[in-house]
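A quick write-up on the structure given underneath.
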There are 2 protein chains.
Amino acid sequence: MRRSAEETKRSILAAARERFAAQGYDRATVRAIAADAGIDPSMVMRYFGSKEALFATAADFDLAIPDLSRAPRERVGEALAAHFFRRWEEDSGQLRILLRTAVTDEAVTERIRTVLAEQITPPIAELRAAGTDGPAPSASSDAPTRAAMVASQMLGVALCRYVLRLPPVDTMDADDLVARLGPTLQGYLVD
Amino acid sequence: MRRSAEETKRSILAAARERFAAQGYDRATVRAIAADAGIDPSMVMRYFGSKEALFATAADFDLAIPDLSRAPRERVGEALAAHFFRRWEEDSGQLRILLRTAVTDEAVTERIRTVLAEQITPPIAELRAAGTDGPAPSASSDAPTRAAMVASQMLGVALCRYVLRLPPVDTMDADDLVARLGPTLQGYLVD
DNA sequence: CCGTAAAGTCAACACTCGTTGGCCAACGCT
DNA sequence: AGCGTTGGCCAACGAGTGTTGACTTTACGG
């Protein structure tokens, strides 16, 4: 009994997150994760049951979206971009796991679809409904399309910055990126 | 001797492209590719030497970039977006291979960096140099940054449309996407 | 102070992968 | 017809994978 159970469990989880983020699901082997955590591979199975279960808990995090109602209407795009980077810069591991595994694992892809539909689209629809004052019918809402355009730009820049490490996006100041992405998101949000 | 050598070779290559595009490098097994081509796995080695060599020839294609000098200056963004989709819609397989493997294979990532630096950045630098009439010094050219922003948006929308199949981007008309992406690229290109 | 449960190690299983070498069969030529 | 070349298959090897069970060591409580 060197370490406590909870302590070892956290150690395994941390090593798993790092490996999954750096190498993706297939190339991150249980043996390598165990070696990083300083224990035997069998302990991974003991504490998490299977590699897939380990990945499930390692990839179980929330990507909360802010309320767009605050922030001046002319700068909502910039505010949204800033929010994303504020979250990503403090922990890019989760995002790297998401992008590295989404291209292979259908479950992760489905999760992104859900986040887009349930967490990104509604605030945008609300923002646009608030824009049209009065009982404007806003016939066929294109909020899903606008949300998807926002997602495509943000996923793209995240891919280039954290996964592909494409210069000069990978080394730019987050502030500079926000300044450049702001007008784009603004265009997608409010035309 | 059922088929000619060249015929079988093409058959293997076609199966390989489909598998690599759909599953990425690791999950596209030599055995599965051989089964798709209707021959024995050993034939793959005979004709291509190794799995990595097979991948190299399967992923060896050019992503040519158009000349931005034509097209009216106010619509250069839209023209560029249209060009990408014209190329992608006729053969999305190559692009899927690129995106699915770039997140795992460092060589593919490096290839993207090279394309960005040698094929995308120069035309943009030239476009901007042509914009400033006269001997404007254009002190520190931010063409690399602008090119990277363009790349981030286009890679992002390609990821969403062809790999993640994120609704509604995956089913939208290419024309509609071009219309929405045009202003964004325009902003990145000419401020 | 000893027994017991927890924390950890070890060796192995069953499987899949890329890869190899030997064998077989069909065609084209003289 | 005979022969060599060529396209193809079969069986197997060696390495690496996730996973399992039995064994060993450590700490703690009566």
Side-chain angles (χ1 to χ4, degrees), chain A residues 1-60 97 100-108, chain B residues 1-60 97 100-108:
Chain A
M1 286 189 192
R2 301 283 281 277
R3 295 178 284 192
S4 106
E6 287 304 318
E7 194 175 354
T8 317
K9 204 170 176 181
R10 273 195 305 269
S11 176
I12 294 174
L13 205 55
R17 288 214 170 95
E18 191 53 43
R19 284 279 177 183
F20 283 139
Q23 304 182 305
Y25 183 84
D26 290 312
R27 301 198 176 180
T29 78
V30 172
R31 282 175 164 85
I33 293 172
D36 288 353
I39 43 96
D40 194 83
S42 60
M43 298 303 293
V44 176
M45 315 308 297
R46 222 201 228 318
Y47 285 126
F48 293 92
S50 71
K51 180 185 182 182
E52 207 153 343
L54 169 64
F55 174 75
T57 72
D60 181 30
I97 293 180
R100 276 239 165 75
T101 59
V103 301
T104 314
D105 194 325
E106 180 62 26
V108 178
Chain B
M1 287 190 194
R2 302 281 284 276
R3 295 177 285 190
S4 113
E6 287 305 317
E7 193 174 356
T8 319
K9 204 170 175 180
R10 275 195 304 270
S11 177
I12 295 175
L13 206 54
R17 289 216 170 92
E18 190 54 42
R19 284 279 177 181
F20 284 138
Q23 304 182 302
Y25 184 83
D26 290 313
R27 301 200 175 179
T29 80
V30 172
R31 286 175 161 86
I33 293 172
D36 288 352
I39 43 95
D40 192 84
S42 61
M43 300 303 296
V44 176
M45 315 307 298
R46 238 209 205 315
Y47 285 126
F48 293 91
S50 70
K51 181 185 181 181
E52 208 154 340
L54 169 64
F55 174 75
T57 72
D60 182 29
I97 292 180
R100 276 238 165 75
T101 59
V103 301
T104 314
D105 194 326
E106 181 62 24
V108 178

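Since the model is a prediction, treat every value here as computed from it, not as a measurement. Naming convention: chains lettered A, B, ... in sequence-line order (proteins, then strands); numbering from 1 in each chain.
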Which donor-acceptor pairs under 3.5 Å do side chains of residues 4-13 of chain B form with protein atoms, sequence neighbours excluded?
| unit_1 | atom_1 | unit_2 | atom_2 | d |
| --- | --- | --- | --- | --- |
| Ser4(B) | OG | Glu6(B) | N | 3.3 |
| Ser4(B) | OG | Glu7(B) | N | 3.3 |
| Thr8(B) | OG1 | Ser4(B) | O | 2.9 |

*asked:* For the CG atom of Leu54(A) and the CD atom of Glu52(A), what is their distance to the nearest 0.5 Å?
replied: 10.5 Å
Any donor-acceptor N/O pair, [X] side chain to [Y] backbone, under 3.5 Å:
X        : Y        : value
Arg17(B) : Ala58(B) : yes
Arg31(A) : Pro41(A) : no
Arg19(A) : Thr29(A) : no

Please give, in whole Å, the distance from [N] [atom2] to [X] [atom1]?
X        : N       : atom1 : atom2 : answer
Asp40(A) : dT20(D) : CG    : P     : 14 Å
Ile12(A) : dT19(D) : CD1   : P     : 13 Å
Met43(A) : dT25(D) : CE    : C1'   : 12 Å
Glu7(A)  : dA6(C)  : CD    : C1'   : 15 Å
Ile39(A) : dT25(D) : CD1   : P     : 19 Å
Phe48(A) : dT20(D) : CZ    : P     : 15 Å

Return the polar atom pairs (N/O with N/O) between nucleotides 13-18 of chain C and the protein under 3.5 Å, or none.
| unit_1 | atom_1 | unit_2 | atom_2 | d |
| --- | --- | --- | --- | --- |
| dG18(C) | OP1 | Val30(B) | N | 3.3 |
| dG18(C) | OP1 | Lys51(B) | NZ | 2.9 |
| dG18(C) | OP2 | Val30(B) | N | 3.0 |
| dG18(C) | N7 | Arg31(B) | NH1 | 2.6 |
| dG18(C) | O6 | Arg31(B) | NH2 | 2.9 |

*From dT20(C), dG8(C), dG22(C), nucleotide with atom closest to Tyr47(A) side chain*: dG8(C)
Would you mind writing out the side-chain donor-acceptor pairs for residues 44-51 of chain A within the sub-3.5 Å range, not counting sequence neighbours?
| unit_1 | atom_1 | unit_2 | atom_2 | d |
| --- | --- | --- | --- | --- |
| Ser50(A) | OG | Ala53(A) | N | 3.1 |
| Lys51(A) | NZ | Tyr25(A) | O | 2.9 |
| Lys51(A) | NZ | Ala28(A) | O | 3.1 |

*Is there a donor and acceptor pair closer than 3.5 Å between the side chain of Arg46(A) and the base of dG8(C)?*
yes
*Counting any heavy atom closer than 4.0 Å, what does Thr8(A) reach on the DNA or RNA strands: base, sugar-phosphate only, or nothing?*
sugar-phosphate
